[in-house]
Protein chains: 2
Amino acid sequence: MTQKRQATSITQVAAAAQVSIQTVSNAINYPDRVKPETRQRVLQAIQALDYTPNLAARRLRSIHTTSVAVRIDSNAVTESGARGLYAGFIQDEFVYQLTAAGERRGVKVVAYTAEDSEQEITQLKRLVNSRDADGIVLTSTVENDPRLDVLASMRVPFLSFGRPWGAENLYSPEHAWVDVDGGFGTAAATRMLWARGARRIAFIGWVMHRTVPGRMQSTAEDRRVGWVKALRELNPAFTAMTARKWEVLGEESVAKGREGARRLLSQHPDVEAIVCASDTLALGALLETTSAARSDVIICGFDNSPVSKEFGFSSIDQNLDQVADAALDVLTSVTSRVRRPTDQGQAEVAHVLLQPQLIER
Amino acid sequence: MTQKRQATSITQVAAAAQVSIQTVSNAINYPDRVKPETRQRVLQAIQALDYTPNLAARRLRSIHTTSVAVRIDSNAVTESGARGLYAGFIQDEFVYQLTAAGERRGVKVVAYTAEDSEQEITQLKRLVNSRDADGIVLTSTVENDPRLDVLASMRVPFLSFGRPWGAENLYSPEHAWVDVDGGFGTAAATRMLWARGARRIAFIGWVMHRTVPGRMQSTAEDRRVGWVKALRELNPAFTAMTARKWEVLGEESVAKGREGARRLLSQHPDVEAIVCASDTLALGALLETTSAARSDVIICGFDNSPVSKEFGFSSIDQNLDQVADAALDVLTSVTSRVRRPTDQGQAEVAHVLLQPQLIER
DNA sequence: CTGAAAGCGCTTACAG
DNA sequence: CTGAAAGCGCTTACAG
């Protein structure tokens, strides 16, 4: 493709403001270095000429670069996948908020695609080598994630949205992350239902593929634990035993939510409310209670996705705008920490756990 | 942020291959200009050193630039909006496919956000001035879209995904577009239902805010017309009059789909199938026919979104991978046409209408 | 077919 | 506080 029109360059701004191009550069990047009057003159010229710095030139020359890469995924229906009603809601929204947060602070967010882990590693190398990204935001990390080694060996700053479940040490200074406290959300949901008068509050969640006492292993466990903890606080008679009787765990689908609610209704006809680990499960549960003429059972979902609004049930919002802001904060702080390896003091900044927000409906 | 590691540059490749940097550049960009043996040597060195060209340098120097911008939107639930179950499905998926198609051909897709048209214009200027994008892919264009004038005055090549409904001439060479033939899709759905034995086939769609005889004005009209045309072909007794009795038009929501189906069931208890303009409307219709114990009524949706899979109804897939490929093709051809203004011959390339695909379930 | 020179638009030292 | 010089890594003419 062709460059259409000769854009304004720093030279023209310098001429208009009657200073050198270095002074224009300084006025933009190091305002303190130039006299207020000069800066004024430069800023006026910039405004008058509608000047925007050429980012390619800046990035070529500068030590400071300012872009982070994040993967985007398809939500198309495929044979293998597309679990749930809108499985990609959180990731899509996160990418949106990250892009918006980046625009606010002059950080470019570049998206890339990859169909599997191997392709993604190729992409990461390409992005870093071509200087298209100097920081990576990972999503959906898995145990022994191969991407982590690659990034470490390339010495590229990275951060994950989501805790590295299964890692020996969730708070390793090697692995910065930002995450949302799911248990806080389901606990808040449980308390809200209690406050509305419900006492028999069940849970529909995801299967936990492995559990280790005293060590959280998955989002599935995280969300379940919030429900258990809140009920134990509210009702001393509620035990780990009781929990197992009042929960149904399965895969992420409307059908499983429906099935779960059916089982709960039959085993516990006196159930008054159900906390769900997702809006997809919640919709299933809602459709089942409705068709069983049990609309008295209150349903609460998770993610505050459009489906929760359409069907009018309460849900937990992850506040992804805050997550995105924190992600860029942490990535920046990680970068500066890498620069000063002696400064161990701020390691804790590298892990941010944010609270989600209950949206009552 | 800081550059971590000294990346391989063209100089090192040149040294390794024992040629000059120009020859390396030529081997990459103009393979025909170098002797096969030399090219081999260069390619081996590139491979051995894991070299990726610095895009900032390339873009700074080169006349050819290779990035297009596209807007991404939030799908979060807000007071004002978030219509339907997953209103952003098509746009999100389009952006994904555009990014993937771009990666295949070395075109970077940069995403930007904007809350309104005014903000978007600011963003477009910024993107173009900073040489971050030299082509724009617009989505959801409206009548008298203010973005069009801005892009025209900046002489930036652009294309819209979606026809400029309401424009005097849909095929103006000034406005390149790629779109999907919605009417083709609903006609295919109607024929499929007929083939399955249904004769009384109703339609639930969106309100058409204005209609002009002989001139299509909206996606709402486009999708409705496909249903009408197919039925007129299949059933000579079906008239414009009949159409008005067998359709319900409203806003995009599950509740409206439900309401539409309720009305159809009461006015036409013998209805056998319903074609819907969206998966959201289709879900509403499905829930209504199910709760009215009329599961014999076949429902067909539009977009082949995850909800159509979860609930197992047929739908129309827009084949967004093809749309994305066509978009990049057209944007490239538009660019080259701008370069040679005398070459009027290929104007028709600038408008591509693709056929969607019926997914039967 | 190959290479020496120039330069894209900036920022970074550094001299004044 | 300001400006002259150098150079980031490429591609583009152009000379040989």
Side-chain angles (χ1 to χ4, degrees), chain A residues 1-43 45-46 49 51-67 106 128-132 134, chain B residues 1-43 45-46 49 51-67 106 128-132 134:
Chain A
M1 296 167 203
T2 333
Q3 194 90 5
K4 276 303 104 38
R5 148 198 104 100
Q6 212 54 15
T8 320
S9 78
I10 197 172
T11 315
Q12 293 164 56
V13 176
Q18 298 187 296
V19 292
S20 71
I21 61 162
Q22 290 87 329
T23 302
V24 176
S25 175
N26 283 331
I28 295 170
N29 301 306
Y30 305 94
D32 294 347
R33 289 192 193 162
V34 300
K35 217 181 352 180
E37 296 97 275
T38 318
R39 188 175 12 172
Q40 269 314 317
R41 214 145 24 97
V42 171
L43 293 180
I46 287 175
L49 297 172
Y51 168 69
T52 315
N54 182 323
L55 289 182
R58 171 178 285 176
R59 302 186 59 191
L60 175 57
R61 185 59 181 87
S62 179
I63 297 178
H64 308 290
T65 45
T66 46
S67 31
V128 172
N129 285 338
S130 66
R131 260 70 77 211
D132 248 15
D134 39 57
Chain B
M1 295 166 208
T2 332
Q3 195 91 5
K4 277 301 105 38
R5 149 196 104 102
Q6 211 55 12
T8 319
S9 78
I10 197 172
T11 315
Q12 295 164 54
V13 175
Q18 299 188 296
V19 292
S20 71
I21 62 161
Q22 290 88 329
T23 301
V24 176
S25 175
N26 283 331
I28 295 171
N29 301 306
Y30 305 95
D32 294 347
R33 289 191 194 164
V34 301
K35 216 178 358 179
E37 296 98 274
T38 318
R39 186 174 12 169
Q40 268 314 317
R41 212 144 26 94
V42 171
L43 293 180
I46 287 174
L49 298 173
Y51 168 68
T52 315
N54 182 321
L55 290 182
R58 172 178 284 175
R59 302 185 58 192
L60 174 58
R61 186 59 181 87
S62 179
I63 296 178
H64 308 290
T65 45
T66 47
S67 32
V128 172
N129 285 338
S130 66
R131 259 71 77 213
D132 248 15
D134 40 56

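Within every chain, numbering begins at 1; the chains are lettered A, B, ... in the order of the sequence lines, protein sequences first and strands thereafter. These values consider heavy atoms only, across backbone and side chains, with no hydrogens, waters or symmetry-generated copies.
Between Arg59(A) atom CZ and dT12(C) atom C1' there is a gap of 18 Å when expressed in whole angstrom units. Rounded to a whole Å, the CG atom of Leu60(B) is 12 Å from the P atom of dT12(D). Computed from coordinates, the Tyr51(A) OH to dC10(C) P distance equals 3 Å when rounded to whole Å. In this structure, Gln12(A) places its CD atom 11 Å from C1' of dG9(C), rounding to the nearest Å. Atoms CZ (Arg33(B)) and C1' (dA13(D)) sit 9 Å apart, rounded to a whole Å. The interatomic distance linking Arg58(A) (CZ) with dT12(C) (C1') rounds to 13 Å, in whole Å. Atom CZ of Arg41(B) and atom P of dC1(C) are 14 Å apart (whole Å). Going from atom CG of Asp132(B) over to atom P of dG9(C) covers 16 Å, rounded to whole Å.
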>> Could you write out DNA chain D as dot-bracket? Rules: Watson-Crick or G-U wobble, both distances under 3.5 Å, brackets [ ] for crossings, | for pairs with another strand, dot for unpaired.
In response: |||.||||||||.|||

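Considering only heavy atoms from C-beta on, Ile28(B) comes within 4.5 Å of Ile46(B) through its side chain.
In this structure, NZ on Lys35(B) lies 13.0 Å from CD on Gln40(B), to the nearest 0.5 angstrom. The CG atom of Asn29(A) sits 5.0 Å away from atom CZ of Arg58(A), with the distance rounded to the nearest 0.5 Å.
In the set dC10(D), dT11(C), dT2(C), the nucleotide with an atom closest to the side chain of Thr38(B) is dT2(C).
Each of Asp32(B) and Asn54(A) has a nearest nucleotide on DNA chain C; the 5'-most of these lies closest to Asp32(B).
Taking each heavy atom of Thr11(B) and Ile21(B) in turn, the nearest pair found is CA-CG2, 3.8 Å. Contact between Asp132(B) and Ser67(B) at its shortest, heavy atoms only, is O-OG, 3.2 Å. Residues Asp134(A) and Thr66(A) come closest through the heavy atom pair OD2-N, 3.5 Å. The minimum heavy-atom distance between Ala16(A) and Ala45(A), with the atom names listed, is CB-CB, 4.0 Å. Between Arg41(A) and Ala17(A), the shortest heavy-atom distance links the atoms NH1-O, 2.7 Å.
Of the possible donor and acceptor atoms, one in the side chain of Thr8(B) sits under 3.5 Å from a partner among the backbone N and O of Leu49(B).
Distances shorter than 4.0 Å separate some side-chain N or O of Ser25(A) from OP1 or OP2 on dT11(C). Distances shorter than 4.0 Å separate some side-chain N or O of Tyr30(A) from OP1 or OP2 on dT12(C).
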Atom pairs, protein N/O to nucleotides 3-7 of chain D N/O, distance under 3.5 Å:
from, atom 1, to, atom 2, distance (Å)
dG3(D), OP2, Ser20(A), N, 3.0
dG3(D), OP2, Ser20(A), OG, 3.4
dG3(D), OP2, Thr23(A), OG1, 2.9
dA4(D), N7, Gln22(A), NE2, 2.2
dA4(D), N6, Gln22(A), NE2, 2.9
dA5(D), N6, Gln22(A), NE2, 2.8
dG7(D), N2, Arg61(A), NE, 2.5
dG7(D), N3, Arg61(A), NE, 3.1

